[in-house]
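Predicted, not measured: the structure shown is a model, and the values here were computed from it.
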Amino acid sequence: METKLGRLPVDEQLAALRTILESNEILVEVLGGAAELRLPDWYLTAGCVVQTVWNVVTGRPPAEGVLDHDLFYFDPDLSWDAEDTVIRAGARRFAGLPATVEIRNEARVHLWYERKFGVPCPPHGSTEAAIDSFAATTCCVGVRLERDGRWRVYAPHGLSDVFNLVVRPNPVLAPRHVYETKTARWREQWPALQVLPWP
């Protein structure tokens, strides 16, 4: 399913992305709260962003089926305590919000990734590098609200696949079963998705 938005010039796609994301009141609240936390190199990323687009493009309520909001940041302090302090601050800030906000220091991912997913993860050098490693290129999108109110969007693979409901594998880190498990669930929620096979 190709949408008109997928064929717009990049600057117009960015404007469309912002308009769509602003229609999700929960996501907007998380963005504002994340900006207040003033985390280093942070982005709201992955499912909550692209699934909001899928919802709007397919005529659904913007927040439907969005399970959680991934808030990534990058702090060279690799201690568990430092990350836990941030997670607790986030829990206080987002208390009462009808959504789960998962906050993770991407500098620490290599310490637990292999235990969880079965493959080693080299240390990420930035939040952007972590976003680059998602199982699907379509999910490699991050947004943040700058202090002056501007939106910063990181989308290394562009936005056309997001608007066109194309899910493309990204076999750089996550194993095949992670991609296939995620896409099976997404297909149930968004049947119009075109899920490309793992290479």
Side-chain angles (χ1 to χ4, degrees), residues 6 10 13-14 17 20-21 24 27 30-31 34 39-57 63 65-75 83 87 90 99-144 151-190 192-199:
V10 173
Q13 284 187 347
L14 288 169
L17 178 71
I20 288 171
L21 296 183
N24 183 339
L27 185 145
V30 175
L31 265 182
L39 302 174
D41 194 24
W42 70 272
Y43 286 94
L44 189 61
T45 187
C48 66
V49 176
V50 299
Q51 290 165 12
T52 296
V53 174
W54 296 344
N55 280 334
V56 171
V57 167
V66 177
L67 297 182
D68 54 33
H69 294 69
D70 291 305
L71 178 52
F72 286 8
Y73 70 100
F74 193 88
D75 180 356
E83 184 181 44
I87 290 171
T100 300
V101 181
E102 291 198 354
I103 304 174
R104 294 291 177 266
N105 179 8
E106 295 306 299
R108 296 188 75 248
V109 170
H110 65 285
L111 300 177
W112 52 261
Y113 191 93
E114 185 171 9
R115 192 167 56 251
K116 182 171 182 179
F117 295 110
V119 294
C121 172
H124 294 310
S126 66
T127 307
E128 290 86 355
I131 291 171
D132 291 347
S133 72
F134 289 161
T137 60
T138 315
C139 294
C140 297
V141 181
V143 297
R144 83 169 168 243
W151 282 46
R152 181 182 180 98
V153 177
Y154 180 69
H157 302 282
L159 295 170
S160 291
D161 277 354
V162 180
F163 290 127
N164 289 334
L165 306 175
V166 175
V167 181
R168 200 176 298 275
N170 188 32
V172 298
L173 176 61
R176 176 178 186 159
H177 73 87
V178 170
Y179 177 76
E180 292 180 344
T181 300
K182 285 179 179 289
T183 56
R185 181 178 67 79
W186 296 342
R187 262 193 177 133
E188 288 182 14
Q189 183 73 32
W190 296 277
L193 290 177
Q194 179 189 356
V195 175
L196 302 183
W198 192 263

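Applying the side chain to side chain donor-acceptor pair (under 3.5 Å) test to Tyr43 and every residue at least two apart in sequence or in another chain returns Glu128, Arg152. Under the rule for a salt bridge (Lys or Arg N to Asp or Glu O under 4.0 Å), the partners of Arg144 that lie at least two apart in sequence or sit in another chain are Asp41, Glu146. Applying the side chain to side chain contact (heavy atoms under 4.5 Å, CB included) rule to Asp132 yields the partners Tyr154, Pro156; only residues at least two apart in sequence or on another chain are considered. In this structure Tyr73 satisfies the ring pair (Phe, Tyr, Trp, His ring centres under 6.0 Å) test with no other residue, sequence neighbours excluded. Here Asp70 pairs with nothing under the salt bridge (Lys or Arg N to Asp or Glu O under 4.0 Å) rule; sequence neighbours left out.
A heavy-atom distance below 4.5 Å is found between the side chains of Ile20 and Phe163. With contacts defined as side-chain heavy-atom distances shorter than 4.5 Å, the pair Arg104/Val109 does not qualify. Val66 is listed as a side-chain neighbour of Asn55, based on a closest heavy-atom distance under 4.5 Å.
The distance from atom CD of Glu106 to atom OG1 of Thr127, rounded to the nearest 0.5 Å, is 6.5 Å. Atom CG of residue Leu21 and atom CG of residue Leu31 lie 7.5 Å apart, to the nearest 0.5 angstrom. In this structure, Gln194 CD and Arg168 CZ are separated by 8.0 Å, a value rounded to the nearest 0.5 Å. A distance of 12.5 Å separates CZ in Arg108 from SG in Cys121, rounded to the nearest 0.5 Å.
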Exercise for review: Please step through side chain to side chain contact (heavy atoms under 4.5 Å, CB included) for the pair Cys140 and Asn170, ending with a clear verdict.
Suggested key: CA-CA 9 Å; Cys140 297; Asn170 188 32; 4.0 Å; yes
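In this structure, Trp190 and Trp54 have perpendicular ring planes: the angle between them is above 60°, well past the 30° mark.
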Just list the side-chain donor-acceptor pairs under 3.5 Å for residues 172-180, sequence neighbours left out, or say none.
{"unit_1": "Arg176", "atom_1": "NE", "unit_2": "Glu180", "atom_2": "OE2", "d": "2.7"}
{"unit_1": "Arg176", "atom_1": "NH2", "unit_2": "Glu180", "atom_2": "OE2", "d": "3.4"}
{"unit_1": "Tyr179", "atom_1": "OH", "unit_2": "Val167", "atom_2": "O", "d": "3.2"}
{"unit_1": "Tyr179", "atom_1": "OH", "unit_2": "Leu196", "atom_2": "O", "d": "2.6"}

